[in-house]
Amino acid sequence: LPALIARLSDVGFDDLAMTTNGTELARVAASLASAGLRRVNVSCDSLQPERFAAIRRRGNLAVVLNAMRAAESAGLTPLKVNVVLLRGQNDDEILDFAAFARATGRIVRFIEFMPLDAEGKWDRDQFVPGREVFERISAVWPLEPLSVPTAAPAERFRFADGIGEIGLISSVSEPFCGTCNRLRLTADGALRNCLFTNDEHTVRDLLREGGSDADLSLLFRQAVWAKFPGHGINQPGFLS
């Protein structure tokens, strides 16, 4: 992975980040930073060890918390902590995570539960809207919006007393499809313009056929032009 990061860094991106479950991060954090990685997002859905293991079905909370510290020591900051909330499972930890953000200086991002499961077990009863998260935190520690321009999907808020920041990714209740600029390149060389689509543009075949930089640029533009106006989660024909 550090070798891959080094090659990507040589391309000259303005930012190079990685989302990780943190299981092996402590071991390679320094190598990744030396290779050119700028920052990491660490997934952590509970601050209670047994619940953490139950939600993730593998892994150890202490290992992940240590990975966060190792990443910060290596300079992979600002460190963001991704929390997917599930009604009745970890939504009682909203204030705990807000306190965690205040105590550590890490940016905790609360992500709405999205129907991305191949098993089709997504259930709206488990869904916790971002607006509820905002209201529950603000009732204890008032929040105010951060007006920093960003292309990230999260709404950013800081605590009114200046201690810490949280983010809300409300992709189900408040879809931001109209301003989304995300594209995803899959491991087998396909370009996808949305998490909720099976349509692909093949970068692999274009490169193997000798495509030029201009051809690649056009392919990326075509992927953006083909974006849907919305993900359609609430529509009858939605495909998860």
Side-chain angles (χ1 to χ4, degrees), residues 1-25 27-43 56-59 67 71 74 76 79-80 82 84 109 111-122 150-154 167 169 171-172 175-233 235 237-240:
L1 184 57
L4 174 61
I5 294 295
R7 293 178 65 182
L8 290 170
S9 181
D10 287 342
V11 174
F13 292 110
D14 293 334
D15 189 22
L16 192 57
M18 180 178 71
T19 297
T20 170
N21 62 20
T23 301
E24 296 292 333
L25 179 58
R27 182 171 60 85
V28 294
S31 297
L32 292 173
S34 297
L37 192 68
R38 300 282 185 85
R39 56 187 179 84
V40 290
N41 303 337
V42 181
S43 299
R56 181 173 286 189
R57 292 177 291 180
R58 64 183 65 85
L76 297 173
L79 191 144
K80 297 177 182 177
N82 290 344
V84 177
R109 304 196 303 177
I111 304 173
E112 290 183 346
F113 182 37
M114 294 181 284
L116 295 171
D117 57 324
E119 297 177 351
K121 293 183 178 179
W122 185 81
T150 177
I169 301 180
S171 47
V172 176
F176 43 82
C177 301
T179 57
C180 177
N181 66 353
R182 293 301 199 260
L183 295 174
R184 289 170 173 81
L185 185 65
T186 67
D188 58 353
L191 195 63
R192 290 192 173 203
N193 62 16
C194 180
L195 283 172
F196 301 104
T197 183
N198 286 333
D199 296 335
E200 296 181 340
H201 297 69
T202 175
V203 176
R204 178 195 62 232
D205 292 350
L206 180 62
L207 288 174
R208 288 179 176 177
E209 293 168 2
S212 65
D213 286 352
D215 294 328
L216 280 173
S217 177
L218 178 59
L219 185 71
F220 273 70
R221 292 175 187 273
Q222 288 172 333
V224 174
W225 293 333
K227 278 179 172 285
F228 295 129
H231 50 51
I233 288 176
Q235 302 300 317
F238 174 72
L239 180 65
S240 64

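Note that these values count all heavy atoms, side chains included, but never hydrogens, waters or copies made by symmetry. Predicted, not measured: the structure shown is a model, and the values here were computed from it.
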Run the side-chain hydrogen bond (donor to acceptor under 3.5 Å, both in side chains) test against [X] and tell me which residues pass, sequence neighbours left out.
X: S31; result: none
X: R39; result: D15
X: T23; result: N21
X: D215; result: S212

Backbone N or O of [Y] within a donor-acceptor pair of the [X] side chain at under 3.5 Å?
X: S34; Y: A30; result: yes
X: R109; Y: V84; result: no
X: K227; Y: R182; result: yes
X: N193; Y: A223; result: yes

Original post:
Between M18 and L1, is a side chain to side chain contact (heavy atoms under 4.5 Å, CB included) present by the stated rule, with each step listed?
Top reply: CA-CA 11 Å; M18 180 178 71; L1 184 57; 3.7 Å; yes
Between [atom1] of [X] and [atom2] of [Y], what distance do you get to the nearest 0.5 Å?
X: R7; Y: I5; atom1: CZ; atom2: CD1; answer: 12.0 Å
X: D205; Y: R208; atom1: CG; atom2: CZ; answer: 7.0 Å
X: L32; Y: R38; atom1: CG; atom2: CZ; answer: 14.0 Å
X: R184; Y: C194; atom1: CZ; atom2: SG; answer: 7.5 Å
X: L191; Y: F220; atom1: CG; atom2: CZ; answer: 5.0 Å

**OP:** Starting from the C-alpha separation in whole Å, work towards a yes-or-no answer on side chain to side chain contact (heavy atoms under 4.5 Å, CB included) for V172 and F113.
**Re:** CA-CA 8 Å; V172 176; F113 182 37; over 6 Å; no
Taking all non-hydrogen atoms of both residues into account, name the closest pair between [X] and [Y] and its distance.
X: A35; Y: P2; result: CB-O, 3.3 Å
X: S43; Y: T19; result: OG-CG2, 4.2 Å
X: A154; Y: G167; result: CB-CA, 4.5 Å

Original post:
Can you name the residues that form a side-chain contact (heavy atoms from CB on, under 4.5 Å) with L219, not counting sequence neighbours?
Top reply: H201, V203, L206, Q222
Subject >> Any residue meeting salt bridge (Lys or Arg N to Asp or Glu O under 4.0 Å) with R192, in chain and number order, not counting sequence neighbours >> reply: E200
**OP:** Let me see the working for L25 and V42 under side chain to side chain contact (heavy atoms under 4.5 Å, CB included), right down to the final yes or no.
**Re:** CA-CA 9 Å; L25 179 58; V42 181; 4.1 Å; yes
**OP:** Answer yes or no: are there more than 12 heavy-atom neighbours, outside D188 itself, under 6.0 Å from its atom CG?
**Re:** yes
Original post:
Near R204 CZ, under 6.0 Å, is it more than 12 heavy atoms from other residues, nucleotides or ligands?
Top reply: yes
**OP:** Could you go through the side chain to side chain contact (heavy atoms under 4.5 Å, CB included) check for L37 and S9 one step at a time?
**Re:** CA-CA 7 Å; L37 192 68; S9 181; over 6 Å; no
